[in-house]
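Below is the structure I would like to discuss, written out as structure tokens.
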Amino acid sequence: DHRVKSSLNYNQRQLSKLSVAKDLGDSVGFLAGSLSDRLPLWGALLVGAFQNLIGYGWVWLIVTGRAPVLPLWAMYILIFVGNNGETYFNTAALVSCVQNFPKSRGPVVGILKGFAGLSGAILTQIYTMINFPDQASLIFMIAVGPAMVVIALMFIIRPVGGHRQVRPSDGLSFTFIYSVCLLLAAYLMGVMLLEDLVSVSHTLVTIFTVILFFLLITPIIVPIALSFSEEPRDPVEEVLLPKLEQQEAGKPEQSDQEHEVIFSEVEDEKPVEVDLLPASERQKRIAQLQAELFQAAAKGAVRVKRKRGPHRGEDFTLMQALIKADFWLIFFSLLLGSGSGLTVIDNLGQMSQSLGYDNTHIFVSMISIWNFLGRVGGGYFSEIIVRDHAYPRPVSMAVAQLVMAVGHVFFAMGWPGAMYIGTLLIGLGYGAHWAIVPAAASELFGLKKFGALYNFLTLANPAGSLVFSGVIASSIYDHEAEKQAHQHHIQLQMSGLLFSGLYGQDEVLKCEGSVCFFLTSMIMSGFCVIAAVLSMILVYRTKTVYANLYGKSRT
């Protein structure tokens with residue numbers, strides 16, 4: 001940002017517009033979602049790598065004087081295009097892994113989103129180690145680095161048909177990766193705090209970065225070890241994505257469609273008391289009812305009505321999902337919860353300064369680590385809820401939102417040490433959203449169009465931030481700052497020191513004390529409670545779906 005500002009002579013307002021373009025590029029993933037459904041995943045990844053290279057590469061050429069300076073609107077488009085490449089990487093990784101591990105969606109999404117959240121801290125560490133002569137080199141690294149990595153790995157990132165869904169070693173494998181995640185979070189926090197507080201030599205930075213690389217590649221031990229060990233086939237294991245394989249082989253889908261219609265008919269016709277039975281008995285009764293419907297339909301005794309759309313747990317298109325109340329409950333719960341969390345992250349510098357902290361970098365470093373742990377932990381604990389108790393995953397989102405509501409209260413009160421506790425609670429709660437929501441969306445609306453559904457839901461994040469940060473937080477902060485400036489001016493006049501000529505038409509308004517963000521934080525705390533209520537309504541509405549999805553695995 002500093003290099004772009006100085007080399008192109010931009011003022012702060014113009015630079016802020018470029019930051020908005022960056023945030024929009026990161027959030028608007030419609031094209032990535034649509035292409036991931038139509039192209040092979042390597043094709044979508046290649047498009048993302050191309051966008052990343054063109055967008056940031058052109059900015060680097062302009063900043064270093066190798067290309068002519070473009071007007072601000074053109075720079076806006078370049079930065080949007082460059083950062084939008086990231087949505088392709090996110091979508092491809094999530095779509096392939098959720099399809100490859102449909103019985104472990106929570107842990108997989110949590111780990112992926114966790115590492116995505118750490119990418120900024122990791123790139124900063126690499127940049128510090130390489131010790132480039134100028135800051136423009138960072139733009140070059142952002143343009144070329146991700147594109148090279150993606151092109152090298154794009155054929156590996158794909159749904160792997162024919163492999164088994166569940167291995168006996170899965171529990172041990174995930175435990176190992178979780179251990180690496182915790183170790184990585186603790187290590188990164190230690191390194192960032194040390195580099196913030198103490199002047200560290202370049203040799204030490206290099207050693208830190210080498211250890212970081214070692215920790216990052218450690219999880220590859222899991223697939224390597226599994227490829228050399230043959231496991232006995234468990235009779236309960238299922239073939240991964242059999243429907244997709246049949247469709248790719250060109251087999252007709254008529255029987256599948258009839259099966260789906262019969263299944264939907266079962267959902268409509270089954271007595272209410274069936275849902276109250278134990279899981280094993282419920283499955284038997286549903287199978288019996290389904291068999292009876294098949295026979296009756298075959299004889300023509302029953303005319304099975306064609307359903308107007310899929311039921312919960314089946315594959316939805318985006319347009320089908322948009323008319324469902326469950327989808328909008330997830331969207332608005334995410335908007336209120338993650339939007340308030342992003343507002344804290346965006347305003348963390350001002351919040352810490354208003355409470356009298358000088359070194360704001362510590363809190364920025366800390367919240368990125370808590371965000372990482374929230375994503376990993378959110379996936380882990382939500383999976384326990386669905387796997388062991390067959391209870392709806394959104395209940396874990398409600399818990400995360402209540403945790404955030406408490407965190408906002410700590411920020412509002414401004415007690416001694418409140419910044420540390422507030423940062424911890426908001427970071428964990430905000431991060432948990434991004435492990436829970438993608439997994440829940442894939443369970444309720446299917447895997448077939450998951451890319452488009454996920455990228456629509458991510459729009460809740462900037463929409464919430466726009467309302468909370470752009471309207472509420474900034475307006476209240478400016479109001480309190482003006483009030484303090486006015487009081488200060490009156491005090492100067494009363495003491496006889498009339499500096500009205502010198503005192504600030506151009507002076508930057510600054511607010512001090514917990515009052516600056518008190519009202520904002522209390523409003524956001526209230527919105528988090530509303531988000532938790534929306535999540536619990538979703539829990540109530542989806543109990544049957546989760547009982548059908550996960551009840552069988554418990555028997």
Side-chain angles (χ1 to χ4, degrees), residues 41-42 45 89-90 92-119 121-122 125-126 146 148-188 191 207-242 244-245 372-373 375-384 386-388 435 438-439 442 447 550 553:
L41 287 182
W42 64 263
L45 285 167
F89 311 152
N90 276 330
L94 278 173
V95 167
S96 62
C97 286
V98 168
Q99 289 182 355
N100 286 337
F101 300 93
K103 296 293 185 185
S104 304
R105 301 178 201 204
V108 165
V109 173
I111 290 165
L112 284 175
K113 296 299 289 183
F115 277 98
L118 278 185
S119 57
I122 293 164
Q125 193 64 31
I126 295 168
M148 286 173 60
V149 171
V150 167
I151 289 169
L153 300 176
M154 65 185 183
F155 293 112
I156 298 172
I157 301 167
R158 69 194 194 281
V160 187
H163 279 242
R164 297 191 297 273
Q165 263 186 3
V166 180
R167 291 174 181 261
S169 62
D170 275 3
L172 185 63
S173 301
F174 278 119
T175 302
F176 175 75
I177 293 173
Y178 277 129
S179 303
V180 172
C181 288
L182 292 172
L183 187 60
L184 181 64
Y187 176 75
L188 258 180
V191 168
I207 294 168
F208 286 156
T209 311
V210 169
I211 296 170
L212 175 64
F213 269 114
F214 175 76
L215 287 173
L216 284 173
I217 63 169
T218 303
I220 206 170
I221 292 171
V222 172
I224 290 173
L226 289 175
S227 64
F228 286 106
S229 65
E230 286 295 323
E231 294 181 331
R233 190 179 182 88
D234 192 322
V236 301
E237 289 172 356
E238 306 165 39
V239 177
L240 182 65
L241 301 175
L244 286 180
E245 289 173 12
F372 168 69
L373 289 176
R375 294 179 185 211
V376 174
Y380 176 76
F381 288 111
S382 70
E383 193 68 17
I384 289 175
V386 299
R387 177 79 50 214
D388 296 350
S442 71
L447 293 170
Y550 291 99
S553 64

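Just so we're clear, the structure is a prediction, and the values are computed from it rather than from any experiment.
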### Query
Which pair of non-hydrogen atoms, one from Gly379 and one from Ala435, has the smallest distance, and what is that distance?
N-CB, 3.5 Å
### Query
Short question: side chain of Asn100, backbone of Arg158 - any donor-acceptor pair under 3.5 Å?
yes
### Message
My understanding is that only residues two or more places apart in sequence, or in another chain, count here; which of them pass ring-ring contact (aromatic ring centres under 6.0 Å, His included) with Tyr380?
### Response
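Tyr380 satisfies ring-ring contact (aromatic ring centres under 6.0 Å, His included) with Tyr178 only.
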### Task
First locate atom CG of Leu118, then atom CG of Leu188, and finally report the distance between them rounded to the nearest 0.5 Å.
5.5 Å
#### Entry: Spatial distance of atom CD1 (Ile157) from atom CG (Leu41) [nearest 0.5 Å]
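Separation between the atoms: 8.5 Å.
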#### Entry: Test side-chain contact (heavy atoms from CB on, under 4.5 Å) applied to Ile220 - qualifying residues, sequence neighbours left out
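Once residues adjacent in sequence are excluded, the partners of Ile220 under the side-chain contact (heavy atoms from CB on, under 4.5 Å) criterion are Pro223, Ile224.
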### Query
Atom CG in Leu184, atom CD1 in Ile177: separation rounded to 0.5 Å?
12.5 Å
### Task
Please identify each residue that fulfils side-chain contact (heavy atoms from CB on, under 4.5 Å) with Val180, with sequence neighbours left out.
Phe176, Thr218, Pro219
### Message
List the residues meeting side-chain contact (heavy atoms from CB on, under 4.5 Å) with Phe155, not counting sequence neighbours, and say none if there are none.
### Response
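Partners of Phe155 under the side-chain contact (heavy atoms from CB on, under 4.5 Å) test: Trp42.
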### Message
For the CG atom of Leu216 and the OH atom of Tyr187, what is their distance to the nearest 0.5 Å?
### Response
10.0 Å
### Message
Restricting to non-hydrogen atoms, name the atom on Ile126 and the atom on Phe213 that form the minimum distance, rounded to 0.1 Å.
### Response
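Looking at all heavy atoms of both residues, the closest pair is CD1-CZ, 3.7 Å.
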### Side-chain heavy atoms of Arg105 within contact of Leu447, under 4.5 Å
yes
### Summary
Note: Val108 and Cys97 closest approach over all heavy atoms is CG1-CB, 3.4 Å
### Task
Please report the shortest heavy-atom distance between Val376 and Gly114, naming the atom on each side.
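That would be CG2-CA, 4.5 Å.
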### Message
Rounded at 0.5 Å granularity, tell me how far CG in Asp170 sits from OG1 in Thr175.
### Response
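The CG atom of Asp170 sits 10.0 Å away from the OG1 atom of Thr175.
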### Task
Answer whether the closest heavy-atom distance between the side chains of Leu94 and Ser442 falls below 4.5 Å.
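The answer is no; the side chains never approach within 4.5 Å.
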### Query
Of the non-hydrogen atoms in Tyr550 and Pro102, which two are nearest, and what is the gap between them?
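Result for this residue pair: OH-O, 4.4 Å.
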### Nearest atoms (heavy-atom pairs only) where Ala116 meets Asn90
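For Ala116 versus Asn90, the nearest heavy atoms are CB-OD1, 4.1 Å.
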### Task
With sequence neighbours left out, write down each residue that passes side-chain contact (heavy atoms from CB on, under 4.5 Å) with Ile217, or none if nothing qualifies.
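In terms of side-chain contact (heavy atoms from CB on, under 4.5 Å), with neighbours along the sequence ignored, Ile217 is linked to no residue.
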### Set of residues satisfying ring-ring contact (aromatic ring centres under 6.0 Å, His included) with respect to Phe372, sequence neighbours excluded
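By the ring-ring contact (aromatic ring centres under 6.0 Å, His included) rule, Phe372 matches Phe115.
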## Note on the structure
Here the gap from Leu45 atom CG to Ile156 atom CD1, rounded to the nearest 0.5 Å, amounts to 11.0 Å
### Query
Residues two or more places apart in sequence or in another chain: which of them pass side-chain hydrogen bond (donor to acceptor under 3.5 Å, both in side chains) with Ser173?
none
